[in-house]
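Inspection log for the structure reproduced underneath, given as C-alpha coordinates.
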Amino acid sequence: MDLGLTESQQMLKNSAREFLEREFPYTYVREMEENERGYTSEMWRKLTELGWLGLAFPEEFGGAGGDLLDLCIVLEEMGRALLPGPFFSSVVLAGLTILEAGTEAQKKEILPKIADGNLTATLAITEPSARWDAGGIQDVKAIHREGEYILNGTKLFVQNAHVSDYLVVAARTRKAVNPEKGLTLLIVPTNAPGISQTVLKTIASDRQSEVIFKNVKVPVGALLGTHGGGWPIVRRALQRAAAAKSCEMVGGAEKVLELTVDYAKERIQFGRPIGSFQAIQHHCANMTVDVEGAKYIAYQAAWALTQGYDPTSQVAAAKAWVSDASRRVCALAHQCHGAIGFTKEYDLQLFTRRAKAGELLYGDADFHRETVARALGL
(Lines give C-alpha, C1' and ligand atoms only; values in the text may rest on other atoms or scores of the structure.)
Protein backbone atom coordinates (compact mmCIF):
# COMPACT_ATOMS: atom_id res chain seq x y z
CA MET A 1 0.00 0.00 0.00
CA ASP A 2 1.32 3.44 -0.99
CA LEU A 3 0.38 5.93 1.72
CA GLY A 4 1.49 8.90 -0.36
CA LEU A 5 -1.02 11.13 -2.11
CA THR A 6 -0.99 11.48 -5.86
CA GLU A 7 -0.32 14.89 -7.32
CA SER A 8 -4.02 15.48 -7.96
CA GLN A 9 -4.93 14.34 -4.44
CA GLN A 10 -2.32 16.66 -2.91
CA MET A 11 -3.73 19.53 -4.96
CA LEU A 12 -7.22 18.62 -3.75
CA LYS A 13 -6.03 18.59 -0.14
CA ASN A 14 -4.22 21.92 -0.42
CA SER A 15 -7.09 23.66 -2.19
CA ALA A 16 -9.63 22.26 0.29
CA ARG A 17 -7.66 23.55 3.27
CA GLU A 18 -7.17 26.97 1.72
CA PHE A 19 -10.84 27.24 0.77
CA LEU A 20 -12.22 26.12 4.13
CA GLU A 21 -9.90 28.35 6.15
CA ARG A 22 -10.81 31.34 4.01
CA GLU A 23 -14.55 30.83 3.67
CA PHE A 24 -15.58 29.15 6.91
CA PRO A 25 -13.69 30.34 10.00
CA TYR A 26 -14.63 29.06 13.44
CA THR A 27 -16.89 32.07 13.89
CA TYR A 28 -19.08 30.46 11.23
CA VAL A 29 -19.09 27.18 13.16
CA ARG A 30 -20.23 29.00 16.29
CA GLU A 31 -22.99 30.81 14.39
CA MET A 32 -24.27 27.58 12.88
CA GLU A 33 -24.53 25.94 16.30
CA GLU A 34 -27.31 28.46 16.95
CA ASN A 35 -28.78 28.28 13.47
CA GLU A 36 -31.99 26.28 13.07
CA ARG A 37 -30.81 24.50 9.91
CA GLY A 38 -27.20 24.18 11.02
CA TYR A 39 -25.72 25.49 7.77
CA THR A 40 -26.39 28.17 5.15
CA SER A 41 -27.54 27.94 1.55
CA GLU A 42 -24.51 30.01 0.58
CA MET A 43 -22.18 27.38 2.05
CA TRP A 44 -24.00 24.59 0.21
CA ARG A 45 -23.78 26.54 -3.05
CA LYS A 46 -20.02 26.95 -2.67
CA LEU A 47 -19.51 23.24 -2.01
CA THR A 48 -21.58 22.47 -5.08
CA GLU A 49 -19.54 24.81 -7.28
CA LEU A 50 -16.36 23.06 -6.14
CA GLY A 51 -17.82 19.71 -7.21
CA TRP A 52 -17.34 18.15 -3.77
CA LEU A 53 -20.91 16.86 -3.54
CA GLY A 54 -20.33 14.65 -6.56
CA LEU A 55 -16.66 13.95 -5.96
CA ALA A 56 -17.11 10.20 -5.39
CA PHE A 57 -19.91 9.65 -7.92
CA PRO A 58 -19.33 8.43 -11.50
CA GLU A 59 -19.50 11.03 -14.24
CA GLU A 60 -22.63 9.40 -15.66
CA PHE A 61 -24.48 10.45 -12.50
CA GLY A 62 -23.18 14.00 -12.45
CA GLY A 63 -20.07 13.26 -10.41
CA ALA A 64 -16.33 13.74 -10.81
CA GLY A 65 -15.47 10.04 -11.02
CA GLY A 66 -13.42 9.98 -7.81
CA ASP A 67 -13.43 7.35 -5.09
CA LEU A 68 -13.70 7.05 -1.31
CA LEU A 69 -10.04 8.02 -0.82
CA ASP A 70 -10.59 11.30 -2.63
CA LEU A 71 -13.65 11.93 -0.50
CA CYS A 72 -11.75 11.16 2.70
CA ILE A 73 -9.11 13.76 1.81
CA VAL A 74 -11.82 16.42 1.71
CA LEU A 75 -13.44 15.06 4.88
CA GLU A 76 -10.13 15.28 6.75
CA GLU A 77 -9.96 18.97 5.87
CA MET A 78 -13.61 19.40 6.85
CA GLY A 79 -12.70 17.85 10.21
CA ARG A 80 -10.03 20.52 10.68
CA ALA A 81 -12.58 23.19 9.82
CA LEU A 82 -15.41 21.59 11.85
CA LEU A 83 -17.61 22.28 8.83
CA PRO A 84 -21.28 21.75 9.76
CA GLY A 85 -24.09 20.69 7.45
CA PRO A 86 -25.46 17.61 5.68
CA PHE A 87 -22.42 16.85 3.47
CA PHE A 88 -21.49 13.64 5.28
CA SER A 89 -25.07 12.39 5.55
CA SER A 90 -25.99 13.18 1.94
CA VAL A 91 -22.82 11.96 0.24
CA VAL A 92 -21.33 9.25 2.47
CA LEU A 93 -24.38 7.81 4.22
CA ALA A 94 -27.10 8.05 1.58
CA GLY A 95 -25.39 8.82 -1.72
CA LEU A 96 -22.77 6.08 -1.72
CA THR A 97 -25.33 3.58 -0.42
CA ILE A 98 -27.67 4.34 -3.31
CA LEU A 99 -24.72 4.23 -5.71
CA GLU A 100 -23.85 0.72 -4.52
CA ALA A 101 -27.30 -0.84 -4.18
CA GLY A 102 -29.74 1.30 -6.15
CA THR A 103 -31.39 0.46 -9.44
CA GLU A 104 -30.35 2.38 -12.51
CA ALA A 105 -33.54 4.44 -12.25
CA GLN A 106 -32.92 5.26 -8.57
CA LYS A 107 -29.34 6.32 -9.25
CA LYS A 108 -30.31 8.49 -12.21
CA GLU A 109 -33.09 10.09 -10.20
CA ILE A 110 -31.22 10.86 -6.98
CA LEU A 111 -27.43 11.00 -7.44
CA PRO A 112 -27.27 13.86 -9.97
CA LYS A 113 -29.49 15.93 -7.69
CA ILE A 114 -27.18 15.29 -4.72
CA ALA A 115 -24.18 16.19 -6.88
CA ASP A 116 -25.70 19.50 -8.01
CA GLY A 117 -26.84 20.42 -4.51
CA ASN A 118 -30.57 20.21 -5.16
CA LEU A 119 -31.25 17.20 -2.94
CA THR A 120 -30.13 16.12 0.52
CA ALA A 121 -30.57 12.69 2.08
CA THR A 122 -29.48 10.61 5.04
CA LEU A 123 -29.46 7.10 6.46
CA ALA A 124 -31.87 6.04 9.22
CA ILE A 125 -30.54 2.98 11.04
CA THR A 126 -30.31 3.34 14.81
CA GLU A 127 -33.30 2.91 17.09
CA PRO A 128 -33.97 3.36 20.84
CA SER A 129 -31.49 0.55 21.58
CA ALA A 130 -28.72 2.77 20.06
CA ARG A 131 -27.04 -0.35 18.65
CA TRP A 132 -25.13 -0.46 15.36
CA ASP A 133 -25.55 -4.19 14.70
CA ALA A 134 -28.44 -5.92 12.94
CA GLY A 135 -29.99 -6.90 16.26
CA GLY A 136 -30.57 -3.23 17.02
CA ILE A 137 -33.04 -2.87 14.15
CA GLN A 138 -36.27 -4.13 15.64
CA ASP A 139 -38.60 -1.18 16.22
CA VAL A 140 -39.22 0.06 12.68
CA LYS A 141 -41.19 -2.55 10.77
CA ALA A 142 -42.35 -2.54 7.17
CA ILE A 143 -45.24 -4.56 5.80
CA HIS A 144 -45.30 -5.38 2.09
CA ARG A 145 -48.87 -5.17 0.90
CA GLU A 146 -50.50 -4.62 -2.52
CA GLY A 147 -47.53 -3.01 -4.26
CA GLU A 148 -46.43 -0.81 -1.40
CA TYR A 149 -44.63 -0.84 1.94
CA ILE A 150 -46.18 0.46 5.15
CA LEU A 151 -43.72 1.61 7.84
CA ASN A 152 -44.25 2.01 11.57
CA GLY A 153 -41.78 2.65 14.38
CA THR A 154 -39.10 5.05 15.61
CA LYS A 155 -35.57 5.85 14.47
CA LEU A 156 -33.19 7.78 16.71
CA PHE A 157 -30.03 9.82 16.07
CA VAL A 158 -30.83 10.28 12.37
CA GLN A 159 -28.28 12.79 11.15
CA ASN A 160 -29.61 15.92 9.43
CA ALA A 161 -33.04 14.42 8.94
CA HIS A 162 -34.52 17.89 9.53
CA VAL A 163 -33.08 19.16 6.23
CA SER A 164 -33.15 15.93 4.22
CA ASP A 165 -35.41 15.27 1.27
CA TYR A 166 -35.05 11.48 1.56
CA LEU A 167 -34.33 8.93 4.24
CA VAL A 168 -32.76 5.58 3.45
CA VAL A 169 -34.54 3.54 6.11
CA ALA A 170 -33.51 0.14 7.44
CA ALA A 171 -36.72 -1.68 8.45
CA ARG A 172 -37.53 -5.16 9.62
CA THR A 173 -39.82 -6.97 7.20
CA ARG A 174 -39.82 -10.31 9.00
CA LYS A 175 -38.63 -11.82 12.26
CA ALA A 176 -35.70 -14.19 12.06
CA VAL A 177 -33.50 -16.12 14.46
CA ASN A 178 -30.53 -14.51 12.74
CA PRO A 179 -31.15 -10.73 13.03
CA GLU A 180 -29.15 -10.14 9.85
CA LYS A 181 -32.00 -11.77 7.94
CA GLY A 182 -35.30 -10.05 7.24
CA LEU A 183 -34.04 -6.48 6.97
CA THR A 184 -35.10 -4.29 4.05
CA LEU A 185 -33.92 -0.85 2.91
CA LEU A 186 -36.42 1.68 1.61
CA ILE A 187 -35.95 5.17 0.15
CA VAL A 188 -38.56 7.29 1.92
CA PRO A 189 -39.31 10.98 1.17
CA THR A 190 -39.34 13.03 4.36
CA ASN A 191 -42.54 14.78 3.31
CA ALA A 192 -44.48 11.50 3.17
CA PRO A 193 -47.69 11.57 5.27
CA GLY A 194 -47.19 9.97 8.67
CA ILE A 195 -43.59 11.06 9.26
CA SER A 196 -42.81 13.31 12.21
CA GLN A 197 -39.47 14.26 13.65
CA THR A 198 -37.85 16.12 16.52
CA VAL A 199 -34.32 17.54 16.50
CA LEU A 200 -32.42 16.26 19.52
CA LYS A 201 -30.08 18.31 21.69
CA THR A 202 -26.60 16.84 21.29
CA ILE A 203 -23.15 17.58 22.72
CA ALA A 204 -21.79 18.54 19.30
CA SER A 205 -24.86 20.48 18.08
CA ASP A 206 -24.74 18.20 15.04
CA ARG A 207 -28.47 17.98 14.31
CA GLN A 208 -29.56 14.42 15.03
CA SER A 209 -33.27 13.69 15.02
CA GLU A 210 -35.87 11.31 16.34
CA VAL A 211 -37.99 10.23 13.37
CA ILE A 212 -41.36 8.55 13.93
CA PHE A 213 -43.13 6.59 11.20
CA LYS A 214 -46.88 6.08 11.57
CA ASN A 215 -48.44 4.12 8.71
CA VAL A 216 -46.05 5.71 6.21
CA LYS A 217 -46.66 4.32 2.72
CA VAL A 218 -44.06 4.12 -0.05
CA PRO A 219 -44.34 2.34 -3.42
CA VAL A 220 -42.51 -0.92 -4.06
CA GLY A 221 -40.17 1.07 -6.29
CA ALA A 222 -38.70 2.58 -3.13
CA LEU A 223 -37.02 -0.75 -2.36
CA LEU A 224 -33.23 -0.42 -2.24
CA GLY A 225 -31.58 -3.75 -2.97
CA THR A 226 -33.67 -6.86 -2.36
CA HIS A 227 -36.57 -7.55 -0.03
CA GLY A 228 -35.17 -9.01 3.19
CA GLY A 229 -31.59 -8.64 1.97
CA GLY A 230 -30.79 -5.22 3.37
CA TRP A 231 -28.20 -6.05 6.04
CA PRO A 232 -25.19 -6.56 3.72
CA ILE A 233 -25.92 -3.13 2.25
CA VAL A 234 -26.23 -1.55 5.70
CA ARG A 235 -23.04 -3.24 6.90
CA ARG A 236 -21.11 -1.90 3.92
CA ALA A 237 -22.61 1.58 4.44
CA LEU A 238 -21.53 1.54 8.09
CA GLN A 239 -18.02 0.45 7.11
CA ARG A 240 -17.73 3.37 4.69
CA ALA A 241 -19.14 5.72 7.31
CA ALA A 242 -16.74 4.48 10.01
CA ALA A 243 -13.71 4.87 7.74
CA ALA A 244 -14.81 8.27 6.49
CA LYS A 245 -15.60 9.50 9.99
CA SER A 246 -12.18 8.29 11.14
CA CYS A 247 -10.52 10.46 8.49
CA GLU A 248 -12.68 13.41 9.49
CA MET A 249 -11.72 12.92 13.14
CA VAL A 250 -8.04 12.78 12.18
CA GLY A 251 -8.39 16.28 10.73
CA GLY A 252 -9.90 17.52 13.98
CA ALA A 253 -7.20 15.89 16.10
CA GLU A 254 -4.46 17.33 13.90
CA LYS A 255 -5.86 20.84 14.37
CA VAL A 256 -6.13 20.31 18.14
CA LEU A 257 -2.44 19.42 18.19
CA GLU A 258 -1.57 22.57 16.25
CA LEU A 259 -3.65 24.75 18.56
CA THR A 260 -1.95 23.22 21.59
CA VAL A 261 1.60 23.60 20.29
CA ASP A 262 0.92 27.25 19.40
CA TYR A 263 -0.53 27.87 22.85
CA ALA A 264 2.44 26.18 24.55
CA LYS A 265 4.82 28.49 22.69
CA GLU A 266 2.89 31.64 23.59
CA ARG A 267 1.65 31.03 27.13
CA ILE A 268 4.13 32.40 29.67
CA GLN A 269 4.24 30.95 33.18
CA PHE A 270 7.00 31.31 35.76
CA GLY A 271 8.77 33.62 33.37
CA ARG A 272 9.03 31.19 30.45
CA PRO A 273 6.80 29.58 27.76
CA ILE A 274 5.01 26.54 29.16
CA GLY A 275 6.28 24.60 26.14
CA SER A 276 9.72 24.67 27.72
CA PHE A 277 8.52 22.43 30.56
CA GLN A 278 9.09 18.71 30.12
CA ALA A 279 5.56 17.71 31.07
CA ILE A 280 4.05 19.88 28.32
CA GLN A 281 6.63 18.64 25.82
CA HIS A 282 5.74 15.03 26.59
CA HIS A 283 2.03 15.80 26.28
CA CYS A 284 2.58 17.28 22.82
CA ALA A 285 4.83 14.40 21.80
CA ASN A 286 2.17 11.87 22.85
CA MET A 287 -0.46 13.82 20.93
CA THR A 288 1.75 13.74 17.83
CA VAL A 289 2.15 9.97 18.07
CA ASP A 290 -1.61 9.55 18.32
CA VAL A 291 -2.35 11.88 15.42
CA GLU A 292 0.18 10.27 13.09
CA GLY A 293 -0.90 6.74 14.01
CA ALA A 294 -4.56 7.67 13.57
CA LYS A 295 -3.90 9.17 10.14
CA TYR A 296 -2.21 6.05 8.77
CA ILE A 297 -4.72 3.55 10.13
CA ALA A 298 -7.68 5.67 8.99
CA TYR A 299 -6.42 5.93 5.43
CA GLN A 300 -5.55 2.25 5.38
CA ALA A 301 -9.21 1.52 6.16
CA ALA A 302 -10.39 3.87 3.41
CA TRP A 303 -7.93 2.27 0.97
CA ALA A 304 -9.12 -1.24 1.92
CA LEU A 305 -12.69 -0.25 1.08
CA THR A 306 -11.67 0.66 -2.46
CA GLN A 307 -9.87 -2.63 -3.14
CA GLY A 308 -12.84 -4.96 -3.53
CA TYR A 309 -12.15 -7.34 -0.64
CA ASP A 310 -13.52 -7.65 2.89
CA PRO A 311 -12.27 -4.62 4.85
CA THR A 312 -13.96 -5.54 8.14
CA SER A 313 -10.85 -5.83 10.30
CA GLN A 314 -9.14 -2.75 8.87
CA VAL A 315 -12.20 -0.55 9.30
CA ALA A 316 -12.93 -1.80 12.82
CA ALA A 317 -9.30 -1.36 13.89
CA ALA A 318 -9.24 2.15 12.46
CA LYS A 319 -12.44 3.34 14.12
CA ALA A 320 -11.41 1.81 17.47
CA TRP A 321 -7.96 3.40 17.36
CA VAL A 322 -9.06 6.81 16.07
CA SER A 323 -11.89 7.03 18.61
CA ASP A 324 -9.52 6.42 21.52
CA ALA A 325 -6.70 8.50 20.03
CA SER A 326 -8.98 11.46 19.40
CA ARG A 327 -10.19 11.36 22.98
CA ARG A 328 -6.59 11.21 24.30
CA VAL A 329 -5.49 14.09 22.08
CA CYS A 330 -8.33 16.30 23.29
CA ALA A 331 -7.72 15.36 26.93
CA LEU A 332 -4.01 16.21 26.71
CA ALA A 333 -4.84 19.45 24.91
CA HIS A 334 -7.01 20.47 27.85
CA GLN A 335 -4.21 19.51 30.23
CA CYS A 336 -1.91 21.90 28.39
CA HIS A 337 -4.45 24.70 28.12
CA GLY A 338 -5.75 24.42 31.66
CA ALA A 339 -9.20 25.68 32.58
CA ILE A 340 -9.25 28.25 29.79
CA GLY A 341 -9.54 25.46 27.21
CA PHE A 342 -13.07 24.73 28.42
CA THR A 343 -14.31 28.29 27.93
CA LYS A 344 -16.49 29.16 24.97
CA GLU A 345 -14.08 31.89 23.91
CA TYR A 346 -11.49 29.26 22.95
CA ASP A 347 -11.92 26.97 19.95
CA LEU A 348 -10.65 23.86 21.74
CA GLN A 349 -14.03 23.04 23.26
CA LEU A 350 -15.57 23.00 19.77
CA PHE A 351 -13.21 20.20 18.77
CA THR A 352 -13.65 18.27 22.00
CA ARG A 353 -17.42 18.17 21.66
CA ARG A 354 -17.22 17.15 18.00
CA ALA A 355 -14.67 14.43 18.82
CA LYS A 356 -16.96 12.94 21.47
CA ALA A 357 -19.82 12.73 18.97
CA GLY A 358 -17.57 11.13 16.37
CA GLU A 359 -16.33 8.61 18.91
CA LEU A 360 -19.83 7.21 19.32
CA LEU A 361 -21.02 7.36 15.71
CA TYR A 362 -21.01 4.08 13.72
CA GLY A 363 -19.83 2.14 16.76
CA ASP A 364 -17.54 3.17 19.59
CA ALA A 365 -14.09 1.72 20.28
CA ASP A 366 -15.40 -1.22 22.32
CA PHE A 367 -17.88 -2.17 19.61
CA HIS A 368 -15.15 -2.25 16.99
CA ARG A 369 -12.66 -4.07 19.19
CA GLU A 370 -15.22 -6.85 19.48
CA THR A 371 -15.43 -6.91 15.68
CA VAL A 372 -11.64 -7.31 15.46
CA ALA A 373 -11.74 -10.09 18.05
CA ARG A 374 -14.38 -11.98 16.07
CA ALA A 375 -12.31 -11.59 12.92
CA LEU A 376 -9.45 -13.25 14.83
CA GLY A 377 -11.69 -16.19 15.62
CA LEU A 378 -12.00 -15.33 19.30
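The figures that follow rest on heavy atoms only: side chains count, while hydrogens, waters and symmetry mates do not.
Under a 3.5 Å cut-off, the side chain of Thr343 and the backbone N or O of Ile340 do form a donor-acceptor pair. Judged by distance alone, the side chain of His368 and the main-chain N or O of Trp321 form no donor-acceptor pair under 3.5 Å. A donor-acceptor pair is defined here as one N or O able to donate and one able to accept, closer than 3.5 Å; such a pair exists between the side chain of Thr126 and the backbone of Leu156. Proximity of a side-chain donor or acceptor of Thr190 to a complementary backbone N or O of Ser164 within less than 3.5 Å is detected. Between the side chain of Arg207 and the main chain of Ser205, a donor-acceptor pair closer than 3.5 Å is present. The backbone N or O of Gly363 lies less than 3.5 Å from a partner atom in the side chain of Lys319, making a donor-acceptor pair. Side chain of Asp165 to backbone of Thr120: a donor-acceptor contact under 3.5 angstrom is found. Put simply, the side chain of Gln197 gets close to the backbone of His162: a donor and an acceptor are under 3.5 Å apart. Ser276 places a side-chain N or O within donor-acceptor distance of the main-chain N or O of Pro273, the cut-off being under 3.5 Å. Using a distance-only test at 3.5 Å, with no hydrogens or angles considered, a donor-acceptor pair links the side chain of Arg236 to the main chain of Leu305.
Residues satisfying the salt bridge (Lys or Arg N to Asp or Glu O under 4.0 Å) criterion with Asp324, sequence neighbours excluded, are Arg327, Arg369. Residues satisfying the salt bridge (Lys or Arg N to Asp or Glu O under 4.0 Å) criterion with Arg131, sequence neighbours excluded, are Asp133.
Residue pairs meeting the side chain to side chain donor-acceptor pair (under 3.5 Å) criterion with at least one partner in residues 211-222, sequence neighbours excluded, are Asn152-Asn215.
Between Glu100 and the choices Lys107, Arg240, Arg235, the salt bridge (Lys or Arg N to Asp or Glu O under 4.0 Å) rule is met once, by Arg240.
Linking ILVMFWY residues whenever their side-chain heavy atoms come closer than 4.5 Å, directly or via other members, leaves Val216 and Leu185 in distinct clusters. Under the 4.5 Å side-chain heavy-atom criterion for grouping Ile, Leu, Val, Met, Phe, Trp and Tyr, Val188 is not connected to Leu96 through any hydrophobic cluster. Linking Ile, Leu, Val, Met, Phe, Trp and Tyr residues whenever their side-chain heavy atoms come within less than 4.5 Å places Leu82 and Val291 in a single cluster. Criterion: ILVMFWY side-chain heavy atoms under 4.5 Å apart, direct or through other members. Under it, Val169 and Ile98 are not part of a common hydrophobic cluster. Under a hydrophobic clustering in which Ile, Leu, Val, Met, Phe, Trp and Tyr are joined whenever their side-chain heavy atoms come within less than 4.5 Å, directly or via other members, Phe87 and Leu50 fall into the same cluster.
The two atoms that bring Ala241 and Leu93 nearest to each other are CB-CD2, 3.6 Å, heavy atoms only. Of all heavy-atom pairs spanning Ala170 and Val234, the tightest one is CB-CG2, 4.2 Å. Nearest heavy-atom pair across Leu167 and Ala161 is CD2-CB, 4.1 Å. When all heavy atoms are compared, the tightest approach of Ala243 to Val315 is N-CG1, 4.3 Å. Between Leu224 and Gly102 the shortest heavy-atom distance is CD1-CA, 3.3 Å. Considering every non-hydrogen atom in both Val29 and Ala81, the closest pair reads CG2-O, 3.5 Å.
Using a 4.5 Å heavy-atom threshold, the side chains of Leu332 and Thr260 count as separate. Inter-residue side-chain proximity for Met32 and Asn35 is flagged as met; some heavy-atom pair is nearer than 4.5 Å. Taking the side chain as every heavy atom from C-beta outward, Tyr346 and Leu259 never approach each other to under 4.5 Å. The shortest side-chain heavy-atom distance between Ile187 and Ile110 falls under the 4.5 Å cut-off.
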**OP:** May I have the step-by-step check of side chain to side chain contact (heavy atoms under 4.5 Å, CB included) for Val256 and Leu348, ending in yes or no?
**Re:** CA-CA 7 Å; Val256 167; Leu348 180 56; 3.8 Å; yes

Subject >> Verdict with supporting geometry, Leu47 and Phe19, side chain to side chain contact (heavy atoms under 4.5 Å, CB included) >> reply: CA-CA 10 Å; Leu47 298 189; Phe19 169 78; 4.0 Å; yes

**OP:** Report the C-alpha separation of Val91 and Leu53 in whole Å, then their side-chain angles, then the decisive distance to 0.1 Å, and conclude whether the side chain to side chain contact (heavy atoms under 4.5 Å, CB included) test is met.
**Re:** CA-CA 6 Å; Val91 177; Leu53 292 170; 4.0 Å; yes

**OP:** For Glu49 and Lys46, run salt bridge (Lys or Arg N to Asp or Glu O under 4.0 Å): C-alpha distance rounded to whole Å, both residues' side-chain angles, the deciding distance at 0.1 Å, then the answer.
**Re:** CA-CA 5 Å; Glu49 291 175 350; Lys46 290 179 178 180; over 6 Å; no

Subject >> side chain to side chain contact (heavy atoms under 4.5 Å, CB included) assessment of Met249 paired with Arg354 >> reply: CA-CA 8 Å; Met249 293 171 71; Arg354 191 71 69 86; over 6 Å; no

**OP:** For the pair Lys295 and Glu254, evaluate salt bridge (Lys or Arg N to Asp or Glu O under 4.0 Å) and give the outcome as yes or no after the intermediate values.
**Re:** CA-CA 9 Å; Lys295 182 179 297 186; Glu254 188 175 44; 3.0 Å; yes

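Of the charged side-chain nitrogens involved, none lies within less than 4.0 Å of a carboxylate oxygen, so that Lys108 and Glu60 do not count as a salt-bridged pair. Between Arg30 and Glu33, no side-chain nitrogen of the basic residue sits less than 4.0 Å from a carboxylate oxygen of the acidic one, so the salt-bridge criterion is not met. The pair Glu77-Lys13 counts as a salt bridge, with a side-chain nitrogen and a carboxylate oxygen less than 4.0 angstrom apart. In summary, Lys255 and Asp347 do not engage in a salt bridge, as defined by a charged side-chain N under 4.0 Å from a carboxylate O.
Side chains of His334 and Thr352: a donor on one and an acceptor on the other come within 3.5 Å. Side-chain contact of Gln349 with Arg353: a donor-acceptor pair under 3.5 Å is present, judged by distance alone. A donor-acceptor contact under 3.5 angstrom links the side chains of Asn14 and Gln10, judged on distance only. Neither side chain, Thr154 nor Glu127, offers a donor N or O lying under 3.5 Å from an acceptor on the other. A donor-acceptor contact closer than 3.5 angstrom links the side chains of Tyr299 and Glu76. For the 3.5 Å distance criterion, the side chains of Asp206 and Thr202 qualify, holding a donor opposite an acceptor.
For the pair Arg45 and Trp52, the cation-pi criterion (under 6.0 Å, within 45° of the ring axis) is not fulfilled.
Other residues, nucleotides and ligands contribute more than 12 heavy atoms inside 6.0 Å of the CD atom of Glu104. Surrounding CD of Glu42 are more than 12 heavy atoms belonging to other residues, nucleotides or ligands, all under 6.0 Å away. Within a 6.0 Å radius of CD in Glu34, other residues, nucleotides and ligands contribute 12 heavy atoms or fewer. Environment of CD in Glu7: sparse, with no more than 12 heavy atoms of neighbouring residues, nucleotides or ligands closer than 6.0 Å. The environment of Arg145 atom CZ is sparse: at most 12 non-hydrogen atoms of other residues, nucleotides or ligands sit within 6.0 angstrom. Counting heavy atoms of neighbouring residues, nucleotides and ligands inside a 6.0 Å radius, atom NZ of Lys181 does not exceed 12 of them. Around atom CD of Glu148, more than 12 heavy atoms belonging to other residues, nucleotides or ligands sit under 6.0 Å away.
A distance below 6.0 Å separates the ring centres of Tyr28 and Phe24. Between Phe367 and Trp132, the distance separating the two ring centers is not shorter than 6.0 angstrom.
Taking the six-membered ring where tryptophan is involved, the planes of His144 and Tyr149 are essentially parallel, since the angle between them stays under 30° and well short of 60°. Note on ring orientation: taking the six-membered ring where Trp is involved, the planes of Phe351 and Tyr26 are perpendicular (angle over 60°, cut-offs 30° and 60°).
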